[in-house]
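Working notes for the structure below.
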Amino acid sequence: MKLALNTLVYEVGNRGPEESLRSAAKFGFKYIEYAGIRKGNPATMSKEQKKEAVRIVKDNGIHSTQMLMVATKDTAHSDPRKRDAVFEYMKQCADFQMELGGRQLLVCWGGGLYELGTTPEQSWLYMLDNVGRFAGWCLDKDLLVGFELDPHVYFIVNSTYKLAKVMEDLGLPNVYPNVDVGHLVITREEPEMLDKLKDRLLHVHLSETESFAHTNSILGTGTVDFKAYVDRLLELGIEENCKKYGEPCVAGIEMGSEASGGFVEDPDRWVQESLDYLARILPDITR
């Protein structure tokens, strides 16, 4: 397993993708997770911006291990026009991820939000339909579609049980469960709760929490026992799963809170302090 840098910390710090990618190279990262939001949103970036981002990635030998499709809170919206807008956004993210040379995509926001006036069962069906048609669109492009739980009651997928149910209901070979350890701490799910996802585990986010709020703060400043979760994932064979799919096995450092509108005043400092902490508790996982 290797460390990856998630560019969200730079987007929340009001930096653009060019700066985040250059910082990744400066810190010696060979792997990144690209946050497709704010200045780095593939749907709003210019052709010139995209070309420069691709150039930085290729010139520095960086591999984009995952595209975070962050603008997906309306995945299961009751208005079909909003669901279609999310679908189009996801396709643009997929196209840009292919330009960056990567295969993995991540549907964020737990597949969407429960709404007043819509039953939970109907929301689940809306989510399955929208993610399913996107994953189907990705199949012949050899793209992998990740899904993660988000840790509050208003997220449609907010437990490992529901995450496993998504895998079952979609029934597509290119869908995988993304593991965010900070989310699991909030939902009070111990490392052993990942056992049910064993055969599909491919990707990990290292995010911090103070136990109730998902702070996405500097690693080591909250309550997450990162080593316990990483050790369990390794025992469950995540590295072997990645080899089967021809993907690098990475744990991405995810910081910066998009949902709460937080701000990161110095992303480089956040990255350095998190690296210092991980070097102490997980010395075998390097860049």
Fill in the blank from the handout: Nearest heavy-atom contact between R38 and V12 is NH1-CA, 3.4 Å
Practice task
Verify the neighbour count for atom NZ of K227: are there more than 12 heavy atoms of other residues, nucleotides or ligands below 6.0 Å?
Solution key: no
Handout entry: Distance-minimising heavy-atom pair for Y277 and V224
Key = OH-O, 4.3 Å
Practice task
Verify the distance criterion only: is there a donor paired with an acceptor across the side chains of N216 and H214 at less than 3.5 Å?
Solution key: yes
Exercise for the section: Just do the side-chain contact (heavy atoms from CB on, under 4.5 Å) check on V86 and M69 with the steps written out, would you? Expected result: CA-CA 9 Å; V86 170; M69 301 185 294; over 6 Å; no
Exercise for the section: Kindly indicate, with the supporting measurements, whether the criterion side-chain contact (heavy atoms from CB on, under 4.5 Å) is fulfilled by H152 and I186. Expected result: CA-CA 8 Å; H152 294 296; I186 296 173; 4.2 Å; yes
Practice task
List the steps and the verdict of side-chain hydrogen bond (donor to acceptor under 3.5 Å, both in side chains) for Q97 and S64.
Solution key: CA-CA 7 Å; Q97 173 70 329; S64 179; 2.7 Å; yes
Practice task
Classify the side-chain pair E33/T7 by whether it contains a donor and acceptor separated by less than 3.5 Å.
Solution key: no
Practice task
Keeping the roles fixed (side chain from E148, backbone from D180), state whether a donor-acceptor pair exists under 3.5 Å.
Solution key: no
Completion exercise
Looking only at heavy atoms, the pair that brings V181 and L206 closest together is CG2-CA, 4.0 Å
Problem - Test item: side-chain donor near acceptor, N130 and T75, under 3.5 Å - result: no
Exercise for the section: Return yes if some donor-acceptor pair links the side-chain N/O of E208 with the main-chain N/O of T223 below 3.5 Å, else return no. Expected result: yes
Exercise for the section: Could you please spell out the steps behind the salt bridge (Lys or Arg N to Asp or Glu O under 4.0 Å) verdict for E88 and K91? Expected result: CA-CA 5 Å; E88 293 302 319; K91 289 198 295 184; 3.3 Å; yes
Handout entry: E247 and R103: CA distance, side-chain angles, deciding distance, salt bridge (Lys or Arg N to Asp or Glu O under 4.0 Å) verdict
Key = CA-CA 8 Å; E247 286 292 290; R103 294 174 62 206; 3.3 Å; yes
Exercise for the section: List the atom of P248, the atom of C242, and the distance in Å for their closest heavy-atom pair. Expected result: O-SG, 3.9 Å
Handout entry: Worked verdict on L125 versus E121 for side-chain contact (heavy atoms from CB on, under 4.5 Å)
Key = CA-CA 6 Å; L125 293 175; E121 293 81 6; 5.8 Å; no
Practice task
Could you tell me whether a side-chain N or O of K198 sits under 3.5 Å from a main-chain N or O of G237, the two making a donor and an acceptor?
Solution key: no
Fill in the blank from the handout: Which of L144, N178, I32 passes side chain to side chain contact (heavy atoms under 4.5 Å, CB included) with Q66? Answer is N178
Practice task
Dump the intermediate steps for side-chain contact (heavy atoms from CB on, under 4.5 Å) on V250 and T65, then the final yes or no.
Solution key: CA-CA 8 Å; V250 301; T65 63; 3.7 Å; yes
Handout entry: Parallel, tilted or perpendicular: rings of H203 and Y176 (30°, 60°)
Key = tilted
Practice task
For N60 and I62, indicate whether the former's side chain and the latter's backbone hold a donor-acceptor pair under 3.5 Å.
Solution key: no
Handout entry: Donor-acceptor contact present, side-chain R83 to main-chain H77, <3.5 Å
Key = yes
Handout entry: Derivation and outcome, salt bridge (Lys or Arg N to Asp or Glu O under 4.0 Å), residues E48 and K51
Key = CA-CA 5 Å; E48 291 73 22; K51 184 177 180 180; over 6 Å; no
Problem - W109 (side chain) donor-acceptor with F155 (main chain) under 3.5 angstrom - result: no
Exercise for the section: Check whether any side-chain N or O of E254 sits under 3.5 Å from a backbone N or O of L8 as a donor-acceptor pair, and report yes or no. Expected result: no
Practice task
Using the ring of F96 (Phe, Tyr or Trp, six-membered ring only), decide whether K50 places NZ or CZ under 6.0 Å from its centre and within 45 degrees of its axis.
Solution key: yes
Handout entry: Minimum side-chain heavy-atom gap M255-S217 below 4.5 Å
Key = no
Problem - For the student: nearest non-hydrogen atoms of S78 and T118, plus distance - result: CB-OG1, 3.7 Å
Practice task
Could you check whether the rings of W137 and F134 sit parallel, tilted or perpendicular, using 30° and 60° as the cut-offs?
Solution key: parallel
Problem - Residues D268 and Q272: side-chain donor-acceptor under 3.5 angstrom - result: no
Problem - Side-chain donor/acceptor of N174 to backbone N/O of L143, under 3.5 Å - result: yes
Exercise for the section: Check whether any side-chain N or O of S274 sits under 3.5 Å from a backbone N or O of L219 as a donor-acceptor pair, and report yes or no. Expected result: yes
Practice task
Using the rule that two of Ile, Leu, Val, Met, Phe, Trp, Tyr join whenever any of their side-chain heavy atoms come within less than 4.5 Å, decide whether L278 and Y31 are in one cluster.
Solution key: no
Exercise for the section: Ignoring hydrogens and angles, tell me if any N or O in the side chain of T187 forms a donor-acceptor pair with the backbone of H183 under 3.5 Å. Expected result: yes
Practice task
Please confirm whether R287 makes a cation-pi placement over F27, using NZ or CZ under 6.0 Å from the six-membered ring centre and within 45° of the ring normal.
Solution key: no
Exercise for the section: Taking the six-membered ring of F212 (Phe, Tyr or Trp), confirm whether the NZ or CZ of R188 is under 6.0 Å from its centre and within 45° of its axis. Expected result: yes
Exercise for the section: List the steps, then state whether salt bridge (Lys or Arg N to Asp or Glu O under 4.0 Å) holds for D84 with R133. Expected result: CA-CA 11 Å; D84 287 345; R133 64 171 170 160; 2.6 Å; yes
Handout entry: Heavy-atom pair of closest approach, residues I156 and A76
Key = CD1-CB, 3.4 Å
